[in-house]
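Written below as structure tokens is the structure these notes are about.
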2 protein chains.
Amino acid sequence: MRALAHPAHDEIELDAVLSALADPVRRRIVHQLATGHDDQACIAFDLPVTKSTSTHHFRVLREAGVIRQHYQGTAKLSTLRADDLETRFPGLLPAILTATAAEKADLEKAGTEKIGTEKADL
Amino acid sequence: MRALAHPAHDEIELDAVLSALADPVRRRIVHQLATGHDDQACIAFDLPVTKSTSTHHFRVLREAGVIRQHYQGTAKLSTLRADDLETRFPGLLPAILTATAAEKADLEKAGTEKIGTEKADL
DNA sequence: ATGGTTGTACGACGGTTTTCGTACTACGGT
DNA sequence: ACCGTAGTACGAAAACCGTCGTACAACCAT
């Protein structure tokens, strides 16, 4: 059994959490963990990156205290630390999940409604 | 009068907002804007960085849609776009502000309670 | 007009992050 | 014992980010 370091619930730092969640790939992981069932293996995530990059992202999330990971055979199962996060930073995770969903819906709507229309300026 | 680009309220992107708020200096700015009065000049923020770095951070916040800025003479006044953010990503800003305050209190408590005590591991 | 205040532009530097590929380990099944 | 699957470690490359200093622009007061 390989050991995995996790910060205690009161050691979770806002900086680490926000940095972790600022990345779209990692937000995608978190979103899938939130909407799907618990304990999903890394392989279950269809990420647009290679295996080693994927390992990296999961590690960042774990070390930030966003997810908990444990081995089960060769598989490494991940769970959202929703309760710990809620205790430490109330409302933060739900707000980000809502925002992620909102933006996703937004992009899909834009995609179906006005195909070929571009934003002019930044 | 110099013009300043701001994203429209429905152009605010989650990625930009989270990236902007992932930086402690910028979170400090936002926190001061939230707790103090509106329309504070950059100079009113006692930031641990030089002027040019400060300019940079304000620009990042503005381009992310977190703050609104306008000139008044040589001064550049900043306001939190709390309403726009609330419309776009409900609960996000309040949660981050609460979290910022929570962590700040935490650090101060740690500082007064156990001076000289260090964290052993990461 | 001259000078002071407030902020910007630009280039540079150093550190971190994201990404990859390759080689490797751990475990389960047959 | 062997193979396949799941994931890690490590090193490298490229991009990005935060910081600074210097030089500059805009504006106000006198």
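Below, all heavy atoms of this structure are taken into account, side chains as well, without hydrogens, waters or symmetry copies. Every chain is numbered from 1 and lettered A, B, ... according to where its sequence line falls, protein lines coming before strand lines.
Applying the salt bridge (Lys or Arg N to Asp or Glu O under 4.0 Å) definition to pairs two or more places apart or across chains, those involving residues 23-34 of chain B are A:D15-B:R27. Applying the salt bridge (Lys or Arg N to Asp or Glu O under 4.0 Å) test to every pair with at least one member in residues 81-90 of chain A, sequence neighbours left out, gives these pairs: A:R68-A:D84, A:R81-A:D84, A:R88-B:D106. Each salt bridge (Lys or Arg N to Asp or Glu O under 4.0 Å) pair with one or both residues in residues 39-55 of chain B, not counting sequence neighbours, would appear here, but there are none. Counting only residues at least two apart or on different chains, no side-chain hydrogen bond (donor to acceptor under 3.5 Å, both in side chains) pair has a member in residues 93-105 of chain A.
For A:L61 and C:dT17, the CG to P distance is 13 Å, given to the nearest whole Å. Separating the CG atom of A:L4 from the P atom of D:dA6 is a distance of 18 Å, rounded to the nearest angstrom. Protein atom CG of B:L47 is 11 Å distant from nucleotide atom P of D:dC20, rounded to whole Å. Protein atom CD of A:Q72 is 9 Å distant from nucleotide atom P of C:dG28, rounded to whole Å. We find that CD of A:Q40 is positioned 15 Å from P of D:dA6, with the value rounded to whole Å. Following rounding to the nearest Å, A:F58 (CZ) and C:dT19 (P) show an atom-to-atom distance of 13 Å. In this structure, CD1 of A:I29 is placed 12 Å from P of D:dG7, rounded to the nearest angstrom. In this entry the distance linking CD of A:Q69 with P of D:dG7 reads 9 Å, nearest Å.
When all heavy atoms of B:L14 and B:F89 are compared, the closest pair comes out as N-CZ, 3.5 Å.
Evaluation of the side chain to side chain contact (heavy atoms under 4.5 Å, CB included) rule for B:T53 yields B:V49, B:T50, B:H57 as partners, not counting sequence neighbours. Legend: residues meeting side chain to side chain donor-acceptor pair (under 3.5 Å) with B:H9, ordered by chain and number and at least two apart, are absent. Contacts of A:A16 classified as side chain to side chain contact (heavy atoms under 4.5 Å, CB included), with partners at least two apart in sequence or in another chain: A:E13, A:A64.
At a cut-off of 3.5 Å, with distance as the only test, no side-chain donor of B:S78 or B:Q40 sits close to an acceptor on the other residue.
Within the 4.0 Å cut-off from OP1 or OP2 of C:dG7, not a single side-chain nitrogen or oxygen of B:R59 is found.
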Pairs: protein N or O with nucleotides 3-6 of chain C N or O, under 3.5 Å:
unit_1, atom_1, unit_2, atom_2, d
C:dT6, O4', B:T74, OG1, 3.3

Exercise for review: Report, as a single string ordered 5' to 3', how protein heavy atoms within less than 4.0 Å touch nucleotides 14-19 of chain D: B base, S sugar-phosphate only, - not at all.
Suggested key: ----SB

